[in-house]
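We're numbering straight along the sequence, starting at 1.
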Amino acid sequence: MKVRQDAWTEEDDLLLAETVLRHVREGSTQLNAFEEVGDKLNRTSAACGFRWNAVVRHNYDKALSLAKKQRKQRQRILGKDQAAKKRLLYTPPSPTISDIMVPHVQEEERALEAEVDATSYEAAEEFVVAEALAPKVNNTTAPTERGLNLDTVIAYLESMNGRTLQAEVLKTENERLKLEIKGLKKRNEDLEHKISHLEQNSGLMQEDYETLMNIMNRARKLVLLEEEERPATKFKMDRNGNLEKMAE
């Protein structure tokens with residue numbers, strides 16, 4: 001039974017990427033690759049598929065495209081009959097009797113642990129704290145006197161261990177989300193700075209445009225005034241019927 005729930009490492013992501021690319025390149029399926037990686041890392045194929053699609057795949061887009069091209073070239077060489085068939089590179093191991101029975105045994109154990117009385121857990125916690133703080137004396141009969149036994153203490157410590165592991169996973173995820181939020185805030189600040197710079201440039205361009213239009217309007221008015229003030233040229237016709245300019 002695959003129960004691994006700790007955070008993914010760079011080595012795990014690299015193994016996942018290499019396996020998926022190899023399966024795609026050689027004509028297998030991504031699901032088959034997830035099963036192979038899941039057996040190697042003691043994770044479920046669904047967890048491997050989610051990790052690939054959510055995180056790892058974005059870093060290997062070019063490599064995945066190249067692997068698909070290599071698969072097509074390989075299929076052309078093998079022919080249409082071979083190209084139409086998916087060749088699975090990995091065959092998951094068949095479950096044994098122990099693999100089938102272990103989940104049932106674990107479920108029974110969890111059911112038995114759930115039946116432990118809450119007061120026994122509180123007493124076990126008090127006993128563990130007292131043992132940690134009390135001086136080392138010959139007090140081996142204390143658990144029995146308080147109504148405790150070894151199984152109760154072990155069950156309590158195991159439950160605390162499970163909570164610690166879950167807390168570590170949540171802490172790792174929290175740190176990742178904090179880094180992501182920090183990056184998004186930095187990107188938001190950069191975009192706001194760029195928008196402010198563009199708005200400032202837009203205002204300057206608008207002012208320059210208005211100034212240029214005012215200059216052009218003044219120049220147009222000056223040309224019109226010069227044309228109005230310039231006297232009209234007068235002509236007269238001589239005896240031969242030719243026009244000649246009259247002196248002003």
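Rounding to the nearest 0.5 angstrom, the gap separating the CD1 atom in Ile195 from the NE2 atom in His193 is 11.5 Å. Taken from CD in Gln200 to NE2 in His197, the straight-line distance is 7.0 Å, to the nearest 0.5 Å. Between the NZ atom of Lys72 and the CD1 atom of Ile77 there is a distance of 15.0 Å, given to the nearest 0.5 Å. Atom CD of Gln30 and atom CG of Leu16 lie 9.5 Å apart (nearest 0.5 Å). Here CG of Asn53 is found 11.5 Å from SG of Cys48. Values are rounded to the nearest 0.5 Å. Atom CD1 of Ile215 is separated from atom OG1 of Thr211 by 6.5 Å, given to the nearest 0.5 angstrom.
At a threshold of 4.5 Å between non-hydrogen side-chain atoms, the residues Arg51 and Val56 count as touching. Looking at heavy atoms from C-beta onward, Val24 lies in side-chain contact with Lys68 at the 4.5 angstrom threshold. When side chains are defined from C-beta on, Phe34 does not count as touching Thr29, because their heavy atoms never get closer than 4.5 Å. Taking the side chain as every heavy atom from C-beta outward, Ser65 and Tyr60 never approach each other to under 4.5 Å. Within the 4.5 Å cutoff, the side chain of Leu177 has heavy atoms near those of the Glu173 side chain. Side-chain contact between Trp8 and Val55 is absent, with no heavy atoms from C-beta onward closer than 4.5 Å. The side-chain heavy atoms of Arg43 and Val37, taken from C-beta on, include no pair separated by under 4.5 Å.
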Check against salt bridge (Lys or Arg N to Asp or Glu O under 4.0 Å), Arg176 and Glu180: CA-CA 6 Å; Arg176 185 187 68 79; Glu180 185 177 354; 3.4 Å; yes

Chi angles and distances behind the side-chain contact (heavy atoms from CB on, under 4.5 Å) call for Asp61, Arg57: CA-CA 6 Å; Asp61 286 336; Arg57 180 173 182 174; 4.0 Å; yes

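The closest side-chain donor-acceptor pair between Thr9 and Asp12 falls under 3.5 angstrom.
For Asp190 and Lys186, the salt-bridge test passes: some basic side-chain N is under 4.0 Å from an acidic carboxylate O. Salt-bridge check for Glu36 with Arg22: passed, with a basic side-chain N closer than 4.0 Å to an acidic carboxylate O.
There is no path of hydrophobic side-chain contacts, each under 4.5 Å, that joins Phe50 to Val20.
The closest donor-acceptor contact from the side chain of Asn188 to the backbone of Leu184 lies at 3.5 Å or more, if one exists at all. Distance alone, capped at 3.5 Å, places no donor-acceptor pair between the Ser202 side chain and the Leu198 backbone. Distance alone, capped at 3.5 Å, is enough to place a donor-acceptor pair between the Thr19 side chain and the Leu15 backbone.
Taking all atoms of both residues into account, the shortest heavy-atom contact from Arg220 to Asn217 is NH1-OD1, 2.9 Å. Residues Arg71 and Ser28 share a closest heavy-atom pair of NH1-O, 4.5 Å. Between Arg74 and Glu26, the closest heavy-atom pair is NH1-O, 3.4 Å. Heavy atoms only, all atoms of each residue included: Trp52 and Ala17 are closest at CZ3-CA, 3.8 Å.
Counting non-hydrogen atoms of other residues, nucleotides and ligands closer than 6.0 Å to CD of Glu10 gives a total of 12 or fewer.
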